[in-house]
2 protein chains.
Amino acid sequence: MTSSKNVQDTHISDQLRRLHGALLDIVAAMNRPRRDEDLIAAAGIPLDGALFPLLVLIERFGPIGVVDLADRVGRDHSTVSRQVARLEESGLIARRPGVTDRRVRDAVATQEGRATCRRIDVARERLMRGALADWDGKELDALVRLMGRFAAAFGAALPQDRAGSLDAPTGRLGDAGLPTAGKNGRGDGGA
Amino acid sequence: MTSSKNVQDTHISDQLRRLHGALLDIVAAMNRPRRDEDLIAAAGIPLDGALFPLLVLIERFGPIGVVDLADRVGRDHSTVSRQVARLEESGLIARRPGVTDRRVRDAVATQEGRATCRRIDVARERLMRGALADWDGKELDALVRLMGRFAAAFGAALPQDRAGSLDAPTGRLGDAGLPTAGKNGRGDGGA
DNA sequence: TCCATATGTGTGTATAATGCACATATATGG
DNA sequence: CCATATATGTGCATTATACACACATATGGA
């Protein structure tokens with residue numbers, strides 16, 4: 001029994017390694033500057049490269065606060081706060097007080113922002129249709145289903161941002177001294 | 001006939017939109033600082049957050065040159081050049097002249113670098129096993145197959161970095177003036 | 001009700017990552 | 001042999017970024 005289980009285990013390990021490779025390829029593709037450039041060009045508006053992803057996220061997941069946005073892009077909330085402010089100046093998004101929580105100032109896409117995103121959507125869909133041109137409909141359905149499920153499971157399994165575990169200060173003793181890159185560094189992530 | 005075709009089209013559009021949503025979720029998950037922090041902690045070495053993804057890429061795709069690396073992470077080659085130099089100083093990777101092209105100085109993981117990556121791999125696999133704990137074996141196989149195929153197709157369909165189209169200078173007339181965010185800006189990408 | 005703690009937002013500030021221009025070395029094709 | 005393209009690395013100015021810190025609001029317990 002241990003034999004078959006080990007076979008299973010190595011098979012799963014291989015599969016997970018392949019999955020990681022696919023993740024790296026996808027992240028690499030998303031990181032290509034040319035991709036954003038083309039989509040920005042489709043937007044028809046001279047938009048800063050850093051502001052572009054935020055606009056898309058706000059239009060897609062808005063109304064959304066700065067903290068949630070910062071968590072998505074992996075940057076400090078202060079950085080995102082300034083970028084959102086610039087995006088507001090451009091007129092593509094607007095801020096409004098949160099309905100249930102008055103601490104948050106939700107960001108929402110304006111009509112112009114939504115129109116811009118629709119142009120971007122058209123370009124993106126054209127790009128994806130080109131990439132998946134020779135795909136079977138059944139396979140696309142399976143990809144969307146499985147990848148959506150994986151994205152949810154992966155995001156949920158990831159460790160959340162530890163705020164301030166002020167209690168249990170005795171825990172993790174022995175980690176003092178070492179500059180374990182505690183929290184600083186602008187690592188983009190992707191490994 | 002047009003009716004059924006339109007139904008098909010809207011269905012595909014919906015699926016592509018869902019696929020894009022999954023991509024955004026995955027990129028958001030990969031961008032989480034905590035994820036890299038945990039993996040770096042597993043590495044057992046105080047490693048800079050920005051250098052960590054490079055080490056993983058070099059160990060996985062090396063020997064690899066600076067340009068290819070820069071293309072993967074979406075940063076300028078000069079930036080990556082400096083980071084790789086720092087990684088070399090740390091002893092985790094080494095540089096060596098390319099075998100077929102003596103212009104390149106390939107980066108390869110040293111024994112210590114490989115050992116570090118193995119520790120990271122263990123932690124990553126544990127993380128992924130946790131995320132996919134309740135997945136059927138068949139479903140995992142399907143996910144790996146389809147996502148691998150998608151990653152390849154997506155990466156291939158993306159526009160490549162236009163070097164210098166010095167010829168045909170008459171093309172694209174009318175784009176002058178507008179600061180179309182031509183190429184600058186450190187947009188991270190992900191939309 | 002009041003208070004302690006947690007969380008969301010924004011600003012000042014110093015640091016360092018980043019992109020660009022440029023130089024050099026090698027490759028490639030005519 | 002030469003023109004062009006590509007790979008690498010360095011000087012340099014810009015600015016994105018993270019960290020403190022302050023303030024507003026929320027939340028739950030005494």
Side-chain angles (χ1 to χ4, degrees), chain A residues 31 33-34 36-37 48-54 63-89 95-107 160-167 179 181-189, chain B residues 31 33-34 36-37 48-54 63-89 95-107 160-167 179 181-189:
Chain A
N31 279 339
R34 267 301 305 273
D36 283 19
E37 286 175 40
D48 188 293
L51 268 47
F52 162 69
L54 288 179
I64 184 174
V66 169
V67 167
D68 292 326
L69 220 41
D71 183 63
R72 272 213 168 255
V73 298
R75 303 250 174 272
D76 194 79
H77 71 93
S78 63
T79 298
V80 176
S81 175
R82 280 180 255 260
Q83 289 172 336
V84 169
R86 280 201 287 156
L87 215 42
E88 185 183 14
E89 287 179 44
R95 308 295 299 274
R96 72 182 194 198
V99 284
T100 63
D101 191 334
R102 281 189 310 185
R103 289 175 301 181
V104 313
R105 283 185 59 215
D106 279 324
Q160 295 299 323
D161 187 12
R162 54 169 177 241
S165 58
L166 299 179
D167 42 10
K183 161 76 173 182
N184 40 350
R186 29 291 253 183
D188 286 298
Chain B
N31 279 338
R34 266 303 304 273
D36 283 21
E37 285 175 40
D48 188 292
L51 269 46
F52 162 68
L54 288 179
I64 184 175
V66 169
V67 167
D68 292 325
L69 221 41
D71 183 63
R72 272 213 169 256
V73 298
R75 302 252 176 271
D76 193 80
H77 71 92
S78 62
T79 298
V80 177
S81 174
R82 282 180 256 259
Q83 290 171 335
V84 169
R86 280 201 287 155
L87 215 41
E88 186 183 13
E89 287 180 44
R95 307 295 300 272
R96 71 182 192 199
V99 283
T100 63
D101 191 334
R102 282 189 309 187
R103 288 174 301 181
V104 314
R105 283 185 59 214
D106 279 324
Q160 295 300 321
D161 187 12
R162 55 168 177 243
S165 59
L166 299 179
D167 42 10
K183 160 78 172 181
N184 40 349
R186 28 291 251 187
D188 286 299

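So that the names make sense, note that chain A is the first sequence line, chain B the second, and so on, each numbered from 1. Since we're looking at a predicted model, the values are computed, not measured.
- At whole-Å resolution of the value, CZ in B/Arg86 and P in D/dG9 are 15 Å apart.
- Take B/Asp68 and apply the salt bridge (charged side-chain N to carboxylate O under 4.0 Å, His left out) test, not counting sequence neighbours, and it matches no residue.
- A donor-acceptor contact under 3.5 Å links the side chain of A/Arg82 to the base of C/dG12.
- Looking at which nucleotide of DNA chain D each of A/Val80 and A/Arg103 is closest to, the 5′-most match is held by A/Val80.
- Atom NE2 of A/His77 and atom P of D/dA16 are 18 Å apart (whole Å).
- If you take CZ of A/Phe52 and P of D/dA16, they are 18 Å apart, rounded to a whole angstrom.
- Under the salt bridge (charged side-chain N to carboxylate O under 4.0 Å, His left out) criterion, A/Arg82 pairs with no residue, sequence neighbours left out.
- Between A/Arg102 and C/dT9 there is no side-chain polar atom (N or O) within less than 4.0 angstrom of OP1 or OP2.
- A/Arg105 meets the salt bridge (charged side-chain N to carboxylate O under 4.0 Å, His left out) test with no other residue; sequence neighbours excluded.
- Counting to the nearest Å, the P atom of C/dG10 and the CG atom of A/Asp76 are 13 Å from each other.
- Distances shorter than 4.0 Å separate some side-chain N or O of A/Arg75 from OP1 or OP2 on D/dT17.
- Listed pair A/Thr79 / D/dA18 meets the phosphate criterion, a side-chain N or O lying under 4.0 Å from OP1 or OP2.
- Rounding to whole angstrom units, CG of residue B/Asp101 and P of D/dA5 are separated by 16 Å.
- Partners of B/Arg96 by salt bridge (charged side-chain N to carboxylate O under 4.0 Å, His left out), not counting sequence neighbours: none found.
- By the side chain to side chain donor-acceptor pair (under 3.5 Å) test, B/Arg102 is found to be paired with no residue, residues two or more places apart in sequence or in another chain being considered.
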Audit row: A/Arg95, A/Val84, side chain to side chain contact (heavy atoms under 4.5 Å, CB included) steps and yes/no: CA-CA 9 Å; A/Arg95 308 295 299 274; A/Val84 169; 3.4 Å; yes
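- Counting to the nearest Å, the P atom of D/dA18 and the CG atom of A/Asp71 are 13 Å from each other.
- The structure places CZ of A/Arg72 at 6.5 Å from CD1 of A/Ile64, a figure rounded to the nearest 0.5 Å.
- Between the two ends of the helix from C/dT1-D/dA30 to C/dG30-D/dC1, each summarised by a five-pair axis, the helix axis turns through 50° (rounded to 10 degrees).
- One interatomic measurement links the two molecules: CG of A/Leu54 to C1' of D/dT17, which rounds to 14 Å at whole-angstrom precision.
- Among the nucleotides C/dA17, D/dA7, C/dG10, the one closest to the side chain of B/Val67 is D/dA7.
- Computed from coordinates, the B/Arg96 CZ to D/dA7 P distance equals 18 Å when rounded to whole Å.
- Side-chain N/O atoms of A/Arg105 include one lying less than 4.0 angstrom from OP1 or OP2 on C/dG10.
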